[in-house]
2 protein chains.
Amino acid sequence: MEREEVEQRVLDAAEELFYSQGIHAVGMDAIRSASAVSLKRLYQTFPSKDGLVEAYLRRRDARWLRELALYADAHDSPAQRILAVFDWLFRWFNEPDFRGCGFINSFGELGATSQTVADIAKAHKQSFRQYIADLVAAAEAPTWLADQLFLLAEGAMTTAAISGSAEPARQAKDAARTLLRAAHADTGSPA
Amino acid sequence: MEREEVEQRVLDAAEELFYSQGIHAVGMDAIRSASAVSLKRLYQTFPSKDGLVEAYLRRRDARWLRELALYADAHDSPAQRILAVFDWLFRWFNEPDFRGCGFINSFGELGATSQTVADIAKAHKQSFRQYIADLVAAAEAPTWLADQLFLLAEGAMTTAAISGSAEPARQAKDAARTLLRAAHADTGSPA
DNA sequence: ACCGTGAGAGAACGACGATTCCCGAGATGA
DNA sequence: TCATCTCGGGAATCGTCGTTCTCTCACGGT
């Protein structure tokens, strides 16, 4: 089995388990079983659990943003792309294994004890905020609108996780639409 | 030392440590040292760590909401009280030991493995949402506004925690003002 | 003063988890 | 064929943590 394949299998197993059960609840042995990779190979590929956690978060970060952009960028106007972000959240919240934002969860679990995890979570959120800021700029709306939309999205994620409902995505979308209109009115742009 | 005092000292120590470092990062021994209560007394008062965690969350839940209401209810008009919620968040985010919402953090850490923790977090958020809903009702604004304001507040909490800045409270307040105005415009009430 | 109760300090216990080590099996090359 | 190398399986190691136990001692009632 090639190094590359081992890496993928381990990361797949780690992501599935870390995300659904939390990081400290998952032992290396569980990852070994789930990936069907021997402990020796596992440690050859990822020399420590910390390193594996970091790799899990980095890969998830990249994929999450890629999939969001793939969905939202397919829409025509900048305003539609902004609202599509919330549609994407709604789909995500409805996935059967949805358990909240992996970065918010990891931050809650390890942010206080691991600077690395805290930094990755922070960078992930900055990337997401930047993506929204780019959409907002394309819509010729003021920058502060991006901050507001970002907060709505973050609030929807935690609320969907804790309440176990996907509704927050719709509520956030409604609020986003209102804020978008208000921002356009402020700057005198068309609705 | 009275039972009551032991309970308070243990809970004070537990809250300080659990909140700042996370729950699984804090051992019973650390709580023993911080509270200066012997292990025996500690286990007499709280028969298990799980029970102590639960007591910590319940006490924090009650106090958090009490302090928020104390601050917000001191304002004159319903709309002012709504905006005051975000001022209160701003003050909270600026406290030197602020580390995000203890319930969101606990949920991220233990929600997947402890139904009790998940339930307490859910109940806490419901109480907070209900508090906002009452303010919204007093302001004669539609119920859905409460959901939107709640999402802003939640997003501000997680963002303040992860970014390490109190700014999200201001951004959320600005958005709240906009939403409030828009809601009043919708229902034809005065701004 | 004497006994019983309950307290504190901290060792002890049992489980678990991260990481390393060992052993036997199969593959490879001379 | 035999020496060597690698790998998987899983036992061994080492530390941590929740929880319990032991030992000693101070104190209140008689």
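All figures in this text were calculated on a predicted structure; none of them were measured in a lab.
- Computed from coordinates, the I31(B) CD1 to dT19(D) C1' distance equals 13 Å when rounded to whole Å.
- One atom, CD of Q44(B), and another, P of dG18(D), lie 19 Å apart when rounded to the nearest Å.
- For S33(B), there are no side chain to side chain contact (heavy atoms under 4.5 Å, CB included) partners at least two apart in sequence or on another chain.
- Shown for residues 14-24 of chain B: no residue has heavy atoms falling under 4.0 angstrom of DNA chain D.
- For K49(B), there are no salt bridge (charged side-chain N to carboxylate O under 4.0 Å, His left out) partners, not counting sequence neighbours.
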If a protein heavy atom is under 4.0 Å from the base, mark B; if only from the sugar-phosphate, S; if neither, -; do that for nucleotides 19-27 of chain C going 5' to 3'. BB-B-----
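- The separation between L52(B) atom CG and dG18(D) atom C1' is 12 Å, rounded to whole Å.
- Looking at residues two or more places apart in sequence or on another chain, you find a ring-ring contact (aromatic ring centres under 6.0 Å, His included) between F93(B) and F98(B).
- Checked against side chain to side chain contact (heavy atoms under 4.5 Å, CB included), S38(B) has the following partners two or more places apart in sequence or in another chain: K40(B), R41(B).
- Legend: residues meeting side chain to side chain contact (heavy atoms under 4.5 Å, CB included) with Q171(B), ordered by chain and number and at least two apart, are D147(A), L151(A), E167(B), P168(B).
- Every residue two or more places apart in sequence or in another chain was checked for a salt bridge (charged side-chain N to carboxylate O under 4.0 Å, His left out) with D73(B), and none qualifies.
- Q130(B) and D134(B) share a side-chain donor-acceptor pair at under 3.5 Å.
- The interatomic distance linking R32(A) (CZ) with dG8(D) (C1') rounds to 9 Å, in whole Å.
- Between L42(B) atom CG and dG18(D) atom P there is a gap of 11 Å when expressed in whole angstrom units.
- Qualifying salt bridge (charged side-chain N to carboxylate O under 4.0 Å, His left out) partners for D12(B), counting only residues two or more places apart in sequence or in other chains: R59(B).
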